[in-house]
A.B. asks: 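Quick one: this structure, given as structure tokens, is what I'll be asking you about.
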Amino acid sequence: MKHEDIEKLLAEIQALECKTAKEVEEARIRFLGKKGSITALFEEFRTVDKEVKRELGRPLNELKQAATARIEELKEKIGESLASQGSGEDLSMPGEQLPLGSRHPVSIVRQQIVDIFRKFGYDVAEGPEVEDDYHVFEALNFPPNHPARDMQDTFFVSAGHPNPLLLRTHTSSVQVRSMEKMDLPIRVICPGRVFRNEAISARAHCIFHQVEGLYIDEGVTFADLKQAILLFAREMFGPQTEIRMRPSYFPFTEPSAEVDVSCNICHGKGCNICKGTGWLEILGCGMVDPNVLKASGIDPEKYSGFAFGMGLERIAMLKWRVNDLRHYFENDLRFLKEFESSVEI
Ligand code: DAH
């Protein structure tokens, strides 16, 4: 390896001229590519004596820098002249159309519910899908072996433990987690996936979605609950919507109620969707049981609150008159495409 080798290449680089981008790339490969002449000198450099190294190290590096700089310079020059000539391509031509997906109907409904309650000042809270018995049952006033536990057939993850892990059967567990960690007053909405050991049919599935709501403050009454649900129902199903409340039972609320909305298809006259009654059931709700407040360290003498829970698939079924729950889980594009116009993406 000699000084002249380096100088010769340097002279070549300085004299280098190219007319097209392709030529520049070829020159880059010729000098600096894997098998390029400068790369070869670097390979050789590794094998020479220390003294030669000391003498040729710097000029060799300078050669590489000069080559890189010249290639860049040529690239720019060619780019500029191309831009001034115009590239010859029609830049106004429409691009290639990419097929765009659409939101799943359950996601659309979840977003609508969350948006409505956000307007009322609710925050969104989430909790784990694999929960413990305490948060799903015990803290919600389901004592061990209480028959109310049979209302929700549970998938257990670890049995035989005093507080076994399980797949949450309802999003009411997020109520408990919110009460444990949030400051009062609490206003939360908790959307999420829930699991029950149910045979799959047109009306039931082992995985579905719920939204839970919780409001706790001083002096909250059943009238506040009724008003919140009425406002929600009108935003969701239209301004003419009426609600009715029927007494019910849930271990975590007292009193408890189930809420129906007036059928938005027949407007109360009776049709096959509302089975001739003029009403459609949408959710369960009630005043939070004092035992539930106490379990999470809230003083029931000072505070009161209401809670409600609804199934998203059910709301979506009512909104779009889908009569088979299984459609929501099959991801049949013909079904999903029906909802393309329901939301701006
Ligand atoms: N967790 C109940 C269920 O899954 C629904 C529910 C009813 C939630 C009443 C509530 C409530 O917060 O107050 O069936």
Side-chain angles (χ1 to χ4, degrees), residues 106 110 113-114 117 120 122 124-129 131 133-142 146-155 166-180 182 186-198 203-216 220-230 232-233 243-261 281-293 295-296 298 300 303-315 325:
V106 171
R110 181 187 52 207
I113 296 174
V114 166
F117 281 99
F120 302 162
Y122 285 67
V124 174
E126 282 183 12
E129 292 180 343
E131 254 296 4
D133 183 279
Y134 176 80
H135 288 90
V136 175
F137 294 122
E138 185 102 30
L140 287 165
N141 202 30
F142 289 82
H146 191 281
R149 290 184 177 222
D150 293 342
M151 287 159 70
Q152 305 180 356
D153 208 342
T154 310
F155 286 117
L166 41 85
L167 300 185
R168 67 180 178 196
T169 53
H170 55 181
T171 41
S172 303
S173 53
V174 190
Q175 268 191 42
V176 180
R177 293 206 172 263
S178 304
M179 286 190 278
E180 282 171 352
M182 291 175 77
I186 295 173
R187 239 195 237 118
V188 284
I189 190 99
C190 326
R193 208 156 53 140
V194 299
F195 308 85
R196 288 187 199 177
N197 189 7
E198 303 254 4
R203 300 181 60 88
H205 207 286
C206 55
I207 304 176
F208 54 102
H209 299 80
Q210 288 187 332
V211 168
E212 185 79 15
L214 176 70
Y215 175 33
I216 301 178
V220 178
T221 69
F222 201 91
D224 298 316
L225 166 61
K226 195 172 167 198
Q227 185 65 9
I229 301 291
L230 179 64
F232 161 72
I243 62 167
R244 78 173 179 187
M245 293 178 129
R246 286 176 287 107
S248 184
Y249 171 76
F250 300 103
F252 35 93
T253 43
E254 183 57 38
S256 305
E258 271 166 298
V259 178
D260 300 336
V261 289
E281 185 189 324
I282 56 159
L283 55 82
C285 62
M287 299 306 291
V288 181
D289 193 291
N291 284 341
V292 173
L293 295 174
S296 295
I298 295 173
Y303 291 98
S304 57
F306 62 70
F308 55 87
M310 64 189 116
L312 290 179
E313 283 81 1
R314 176 155 182 84
I315 304 276
L325 194 60

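In listed order, ligands and their atoms are each counted from 1.
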A.B. asks: Within ligand 1, which atoms have a heavy atom of Gln175 less than 4.0 Å away?
C.D. replies: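 It comes down to these atoms of ligand 1: 12 (O).
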
A.B. asks: Give the minimum heavy-atom separation between Ile282 and Phe232, together with the two atoms involved.
C.D. replies: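 Heavy atoms only, the tightest pair is CD1-CE2, 4.4 Å.
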
A.B. asks: Atoms of ligand 1 less than 4.0 Å from Ala307 heavy atoms?
C.D. replies: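 What qualifies from ligand 1 is 12 (O), 13 (O).
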
A.B. asks: Answer with yes or no whether the side chains of Glu313 and His209 bring together a donor and an acceptor at under 3.5 Å.
C.D. replies: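 Side-chain D/A pair, His209 to Glu313: present.
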
A.B. asks: Residue-level breakdown please: for Phe252 versus ligand 1, do any non-hydrogen atoms fall below 4.0 Å on the side chain, on the backbone, on both, or on neither?
C.D. replies: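 Answer for Phe252: side chain.
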
A.B. asks: Within the 4.0 Å heavy-atom shell around Gly309, which atoms of ligand 1 are there?
C.D. replies: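 Near Gly309, meaning under 4.0 Å from one of its heavy atoms, ligand 1 has 6 (C), 8 (C), 10 (C), 12 (O).
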
A.B. asks: Would you indicate whether the side-chain heavy atoms of Tyr303 and Val288 approach each other to under 4.5 Å?
C.D. replies: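 No, their side chains stay 4.5 Å or more apart.
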
A.B. asks: Would you check if Val259 and Met310 make a side-chain contact, meaning some heavy-atom pair closer than 4.5 Å?
C.D. replies: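 No; the side chains remain at least 4.5 Å from each other.
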
A.B. asks: Can you tell me how far apart CZ (Arg203) and CD (Glu198) are? Round to the nearest 0.5 Å.
C.D. replies: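 The CD atom of Glu198 is 11.5 Å from CZ of Arg203, to the nearest 0.5 Å.
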
A.B. asks: Which atoms of ligand 1 are found less than 4.0 Å from any heavy atom of Arg196?
C.D. replies: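 Listed by number with element, the hits are 3 (C), 4 (O), 14 (O).
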
A.B. asks: Could you check atom 12 (O) of ligand 1 against the protein and tell me its nearest heavy-atom contact, residue, atom and distance included?
C.D. replies: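 Its nearest protein heavy-atom neighbour is Glu212 OE2, 2.5 Å.
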
A.B. asks: Taking the six-membered ring where the residue is Trp, are the ring centres of Phe120 and Tyr215 under 6.0 Å apart?
C.D. replies: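 Here the rings of Tyr215 and Phe120 have centres that are no less than 6.0 Å from each other.
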
A.B. asks: Assess the pair His170 and Phe250: is the distance between their ring centroids shorter than 6.0 Å?
C.D. replies: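 Centroid distance His170-Phe250: not below 6.0 Å, so no.
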
A.B. asks: Run down the list Tyr249, Phe250, Phe208 and name the one with the heavy atom closest to atom 7 (C) of ligand 1.
C.D. replies: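 Looking at heavy atoms only, the winner is Phe250.
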
A.B. asks: Which bit of Glu258 gets closer than 4.0 Å to ligand 1, counting heavy atoms only: side chain, backbone, both or neither?
C.D. replies: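 The answer is neither; Glu258 stays 4.0 Å or more away.
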
A.B. asks: Go through ligand 1 atom by atom and flag the ones less than 4.0 Å from a non-hydrogen atom of Gln210.
C.D. replies: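 Selected atoms, number and element: 3 (C), 4 (O).
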
A.B. asks: What's the shortest heavy-atom distance between Ile186 and Met179, and which atoms?
C.D. replies: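 In terms of heavy atoms, the two residues are closest at CD1-CA, 3.8 Å.
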
A.B. asks: Please report whether ligand 1 has a polar contact with Ser172, defined as an N or O pair separated by less than 3.5 Å (distance criterion only).
C.D. replies: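 Between Ser172 and ligand 1, an N or O pair is found under 3.5 Å apart.
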
A.B. asks: State the atoms of ligand 1, each with its element, that fall below the 4.0 Å cut-off from a heavy-atom position in Gly286.
C.D. replies: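 Selected atoms, number and element: 13 (O).
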
